[in-house]
There are 2 protein chains.
Amino acid sequence: MRASEQIETAAADPFDALLGYHLRRLSVLVMADLTASLAPLGLKPADASILLALHSDSGMTQSDIGRRLGIQRANMAPLMAGLMQNGLVEKQAVDGRSQAVRLSRAGQAMHRQVLGLMAEHEARMFASLTPAVRQRLAKQLKALWQVIQQED
Amino acid sequence: MRASEQIETAAADPFDALLGYHLRRLSVLVMADLTASLAPLGLKPADASILLALHSDSGMTQSDIGRRLGIQRANMAPLMAGLMQNGLVEKQAVDGRSQAVRLSRAGQAMHRQVLGLMAEHEARMFASLTPAVRQRLAKQLKALWQVIQQED
DNA sequence: TATTGTTATACTCTATAACTATA
DNA sequence: TATAGTTATAGAGTATAACAATA
């Protein structure tokens, strides 16, 4: 090891090796851009994620959606109320206590808008990565989450 | 493309391609574990990050630390007050309005404890990655942050 | 004029507890 | 007993604005 390398090693950024730090910092930055991207539609990231989930699995109850997205029941109530008020989702009674939630026609149109804005958002954030690297990264992060989640 | 693949494609998780979603979800999980890891020391992640920064660059003002870590001046005040009250840092007047902040002897000992707990934390979170992959990932995330940050 | 440090404050997100109605 | 949905509320983290003291 050359002296200059040794010096660089000694002066290494103490956060360089902390994967968690970089995860967090990048996540904050990306979330801020996503929030700004969705604002013109009058949606927050949580709203958009509900639209994506509903488009994929129509007819889930709002408790199902919460479990799927990691949002607590108590916090789902005002989120769903907002989407209902904007006419983006419709509820249909399943039994006396459960309601199947579906995207309304307006909700389907909004979903398409969300897909477009999120694609632009992801392209803007991750333009420096090749599609292959981007895909590998997404798979790695998802797999990591699954491993850790299972352990807990 | 075989029919089975087509079906799988059609049923693909709508979040699979969203790097930002996986970043966020994993970050939340990792931060929760870090918070729990540091709790026995009476520290929050923000406190620990300040100790790491100060160990690396002793004598920074608290405004310097805030800029370094992305913490606002107004929010640095109570954080520093807490560290002072626990005797972990010491201030030394630079001029009439600035004070150089350094780790006290207790702060240095605490820093060593933090390093140990954070190493365990990272090992626990990222045990499924080889050291090489882990390092590559950290570098990729740091580089991504730098690129995006510069654009903003 | 700009910067340091501080206080007050507001806003968002998330977490917990309690309640009802129903299964 | 357990679950769906709701309400109220508390906490943490972060943001802005304003101020005094100093550069």
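Numbered from 1 within each chain, the chains take letters A, B, ... in sequence-line order. Hydrogens, waters and symmetry mates play no part in the numbers below; they use all other heavy atoms, side chains included.
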Worksheet item: Under 4.5 Å between any side-chain heavy atoms of Gln108(A) and Leu51(A), yes or no?
Response: no
Discussion item. With heavy-atom distances below 4.5 Å as the criterion, would you say the side chains of Pro45(A) and Met31(A) are in contact?
Written reply: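 Yes - at least one pair of side-chain heavy atoms lies under 4.5 Å apart.
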Fill in: 5'-most by nearest nucleotide on DNA chain D - Arg73(B) or Thr61(A)
Thr61(A)
Worksheet item: Rounded to the nearest 0.5 Å, what separation is found between the OG atom of Ser37(A) and the CE atom of Met118(A)?
Response: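 So the OG of Ser37(A) and the CE of Met118(A) are separated by 9.0 Å.
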Discussion item. Can you tell me how far apart CZ (Phe126(B)) and CG (Leu18(A)) are? Round to the nearest 0.5 Å.
Written reply: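 Nearest 0.5 Å value for the CZ-CG distance: 9.5 Å.
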Using whole Å, what does the distance between atom [atom2] of nucleotide [N] and atom [atom1] of [X] come to?
X        : N       : atom1 : atom2 : value
Ile65(B) : dT3(C)  : CD1   : C1'   : 16 Å
Met76(A) : dT16(C) : CE    : C1'   : 18 Å
Met31(B) : dC13(C) : CE    : P     : 17 Å

Please answer whether the main-chain N or O of [Y] pairs with a side-chain N or O of [X] as donor and acceptor at a distance below 3.5 Å.
X         : Y        : result
Asn86(B)  : Leu88(B) : no
Glu122(B) : Leu19(A) : yes
Ser56(B)  : Pro14(A) : no

Worksheet entry | Residue list, ring-ring contact (aromatic ring centres under 6.0 Å, His included) with Phe15(A), at least two apart or on another chain | Tyr21(A)
Are there any protein N/O atoms within less than 3.5 Å of an N/O atom in nucleotides 19-23 of chain C, and if so, which ones and at what distance?
{"residue": "dT22(C)", "atom": "O2", "partner": "Arg97(A)", "partner atom": "NH1", "Å": "3.0"}
{"residue": "dA23(C)", "atom": "OP1", "partner": "Gly96(A)", "partner atom": "N", "Å": "2.7"}

Response to the item:
Whether each nucleotide of nucleotides 8-15 of chain D has a protein heavy atom under 4.0 Å at its base (B), only at its sugar-phosphate (S) or at neither (-) is summarised, 5' to 3', as B----SBB
Worksheet entry | side-chain N/O Arg67(B) vs dT3(C) OP1/OP2, d < 4.0 Å |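 No, Arg67(B) has no side-chain N/O under 4.0 Å of OP1/OP2 on dT3(C).
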